[in-house]
Amino acid sequence: MPVQGEQPIPPSIEALGYRWIKRISEGAFSKVHLAEYHNRRNNCLETLACKLIDTKKCSEKFRKRFLPRELTILLHVRHPYIIRVQAIVKCRSKICIFMRFAEMGDLLSFVIEHGPLGEPQTRIWCRQLALAVQYLHESGIAHRDLKCENILLSANLNVKLSDFGFARYVAEKNRQPQLSTTFCGSFDYSAPELLKGKPYNPKASDLWALGVVLYMLLNKSVPFKGKTRQVYEQQMTRAWKFRSRVNDKLSPEVKTLVRSLLEPNPLIRWTIEEVLVSDWLVQDRRLRSLNAEEFSALAEARIFARSSIDMERVKEKLRQMENAEQSVTVIKETGSKLGFTKHSDSLVSMRTSLLDQGSDSKLRSSK
């Protein structure tokens, strides 16, 4: 049963086959719940995580700027090391983002429980995360909130990057990325250019955060501690070091990679391509080439075309007030092309209008 004040999945969304189980965690504008989905097509049950956002309780800035970005990006991303979104469903002010449930929890909890990781396992996870970041950057997307808490682990111990609440599209002009002016993310993972408070390259800041994640895996600690001014000075003077308990055990190659990512000058900080061909990552022959799924995702990213129409359609659906209490709008449906569908409580079969990448199809609402 829900706890006092709990607002689980609305009944009209449960009618589509979803069942609320319990709350997992809570953020500033959302709650994450454990849910179960009855797949009528295959007559099986799927365990999912549900990120539930109540737009009535969000700030205007989040509702108008960050939420449309997040949903539009989630409609498009498909990568083996990014969390799979099964469906996005809206019921009046509530938005449910149903995604794969990561059985092994997040990377921070894993490191806290198991301590500093050895290089072989760290190498595998670092490469998987780097491939996810490469996919995003090739797609013109910056994550802007890379941290251990947002990196989930599947039952097979594969990385699944999650939480695109601060992600945004990054346009390029003359091969130079558009600068960001929103200072978001987590303090421990923030690059010095963010702490300085001036416009910054969001892709370069993603690489700094990747360096902090790598340091965290190897040290069970973050490289910088203190207040903003202290941390900024430590970052700019490279006043960090590996913990004594692991320093002598780490290879020169992994130390070089960490230093190259925690480079205070974003102009010479390593890019994601340099990370993927670094001496440390290619030490394992098995990690030198892409498997079929990794190759396919990267190929899709390189022909990715962002459509401003997609963003406008998402914004329109978020602005729309449903007249009937039980009416439901499906923004993304499992196993279908991208699109929107309206439901009443008596309509369970899902009909979808196309919102595919580069599609010229017009938005159609079901009768």
Side-chain angles (χ1 to χ4, degrees), residues 9 18 21-37 39 46-53 66-67 69-89 95-111 124-139 141-169 185-186 189 206 209-210 213 217 272 291 293-294 296-298 300-301 304 314 330-336 338:
I9 301 168
Y18 298 97
I21 298 177
K22 65 179 181 179
R23 190 200 307 180
I24 301 174
S25 62
E26 184 173 351
F29 300 119
S30 64
K31 297 177 182 178
V32 179
H33 303 272
L34 187 65
E36 196 172 64
Y37 173 65
N39 188 328
E46 300 176 20
T47 302
L48 302 172
C50 171
K51 181 177 180 179
L52 194 152
I53 302 168
F66 292 104
L67 183 57
R69 284 179 184 169
E70 178 179 10
L71 297 183
T72 306
I73 288 171
L74 289 177
L75 287 172
H76 288 150
V77 292
R78 289 184 294 272
H79 192 275
Y81 308 125
I82 294 177
I83 200 73
R84 177 180 61 85
V85 173
Q86 190 242 35
I88 305 174
V89 189
I95 297 171
C96 291
I97 304 173
F98 293 99
M99 64 195 83
R100 173 177 178 170
F101 175 63
E103 299 86 348
M104 299 302 293
D106 63 72
L107 209 52
L108 178 63
S109 300
F110 190 93
V111 173
I124 292 172
W125 285 346
C126 180
R127 177 184 175 274
Q128 291 181 347
L129 184 57
L131 287 174
V133 172
Q134 181 191 38
Y135 167 84
L136 293 175
H137 288 188
E138 287 283 347
S139 300
I141 299 169
H143 188 277
R144 302 201 299 177
D145 198 17
L146 284 175
K147 58 182 179 179
C148 290
E149 297 94 313
N150 288 341
I151 303 166
L152 308 178
L153 297 172
S154 69
N156 295 326
L157 290 179
N158 287 316
V159 158
K160 302 291 179 181
L161 179 60
S162 69
D163 201 337
F164 286 77
F166 288 129
R168 65 160 297 168
Y169 290 105
S186 298
Y189 295 81
D206 276 351
L210 177 61
V213 170
L217 294 179
I272 197 62
N291 64 33
E293 198 174 7
E294 294 165 351
S296 176
L298 182 59
E300 283 189 15
F304 178 89
V314 168
V330 175
I331 298 176
K332 179 180 180 181
E333 177 185 354
T334 180
S336 72
L338 308 181

task = Sequence neighbours left out, what passes side chain to side chain donor-acceptor pair (under 3.5 Å) with Gln134? Give chain and number order.
result = none
task = Go through Tyr18 and Phe98 one step at a time and tell me if the side chain to side chain contact (heavy atoms under 4.5 Å, CB included) criterion holds.
result = CA-CA 9 Å; Tyr18 298 97; Phe98 293 99; 3.5 Å; yes
key: Closest approach of Glu46 to Asn39 (non-hydrogen atoms, all atoms of both residues)   = OE2-ND2, 3.1 Å
request  = Compare every heavy atom of Gly185 with every heavy atom of Asp145, then report the nearest pair and how far apart it is.
outcome  = OD1-CA, 3.4 Å
message = Using every non-hydrogen atom in the two residues, find where Arg144 and Asp206 come nearest and quote the distance to one decimal.
response = N-OD1, 2.9 Å
key: Listed partners of Tyr189 passing ring pair (Phe, Tyr, Trp, His ring centres under 6.0 Å), at least two apart   = none
ask   = Are the side chain of Asn156 and the backbone of Asn158 linked by a donor-acceptor contact shorter than 3.5 Å?
value = no
request  = Please name all residues satisfying salt bridge (charged side-chain N to carboxylate O under 4.0 Å, His left out) with Glu103, sequence neighbours left out, ordered by chain then number.
outcome  = none
request  = Decide side chain to side chain contact (heavy atoms under 4.5 Å, CB included) for Ile151 and Trp125; before the verdict, give the C-alpha distance in whole Å, the side-chain angles of both, and the deciding distance to 0.1 Å.
outcome  = CA-CA 10 Å; Ile151 303 166; Trp125 285 346; over 6 Å; no
task = Could you tell me whether a side-chain N or O of Gln128 sits under 3.5 Å from a main-chain N or O of Val159, the two making a donor and an acceptor?
result = yes
task = Please round to the nearest 0.5 Å and tell me the distance separating atom CG of Leu71 and atom CZ of Phe164.
result = 12.5 Å
key: Nearest-0.5 Å distance, OG of residue Ser30 to CD1 of residue Ile95   = 11.0 Å
query = Does Ala102 have any side-chain contact (heavy atoms from CB on, under 4.5 Å) partners at least two apart in sequence or in another chain, and if so, which?
reply = Leu152
key: With Ala132 via side-chain contact (heavy atoms from CB on, under 4.5 Å) - residues at least two apart   = His79, Tyr81, Ile82, Leu161
request  = For Tyr135 and Arg78, indicate whether the former's side chain and the latter's backbone hold a donor-acceptor pair under 3.5 Å.
outcome  = yes
query = Can you list the residues that meet the salt bridge (charged side-chain N to carboxylate O under 4.0 Å, His left out) rule with Arg127, with sequence neighbours excluded?
reply = Glu294
request  = Test side chain to side chain contact (heavy atoms under 4.5 Å, CB included) on Ile331 and Leu74 and set out the steps.
outcome  = CA-CA 10 Å; Ile331 298 176; Leu74 289 177; over 6 Å; no
query = Where do Val314 and Leu75 land on the side chain to side chain contact (heavy atoms under 4.5 Å, CB included) test, with the steps shown first?
reply = CA-CA 10 Å; Val314 168; Leu75 287 172; 3.9 Å; yes
task = Enter the distance from Arg84:CZ to Ser154:OG here, rounded to the nearest 0.5 Å.
result = 12.0 Å
query = How long is the gap from CD1 on Ile97 to CD1 on Ile53, to the nearest 0.5 Å?
reply = 4.0 Å
ask   = Between atom SG of Cys96 and atom NE2 of His33, what is the distance when rounded to the nearest 0.5 Å?
value = 7.5 Å
ask   = If you look only at pairs with a residue in residues 147-166, which of them pass as a salt bridge (charged side-chain N to carboxylate O under 4.0 Å, His left out), with sequence neighbours excluded?
value = Lys51-Asp163
ask   = Atom CE in Met99, atom SG in Cys50: separation rounded to 0.5 Å?
value = 7.5 Å
query = Under 3.5 Å, is there a donor-acceptor pair between the side chain of His143 and the main chain of Ser162?
reply = yes
query = side-chain contact (heavy atoms from CB on, under 4.5 Å) with Thr47: which residues, sequence neighbours excluded?
reply = Leu34, Phe101
key: Pairing residues for Arg168 by the side chain to side chain donor-acceptor pair (under 3.5 Å) criterion, not counting sequence neighbours   = Gln178
ask   = Listed by chain and number, what are the side chain to side chain donor-acceptor pair (under 3.5 Å) partners of Ser109, not counting sequence neighbours?
value = Asp106
request  = Would you mind reporting whether Leu107 and Leu129 have side-chain heavy atoms less than 4.5 Å apart?
outcome  = no
Least distance between heavy atoms, Ile83 atom then Arg100 atom = CD1-O, 3.4 Å
Which residues share a salt bridge (charged side-chain N to carboxylate O under 4.0 Å, His left out) with Glu36, sequence neighbours left out = Arg19
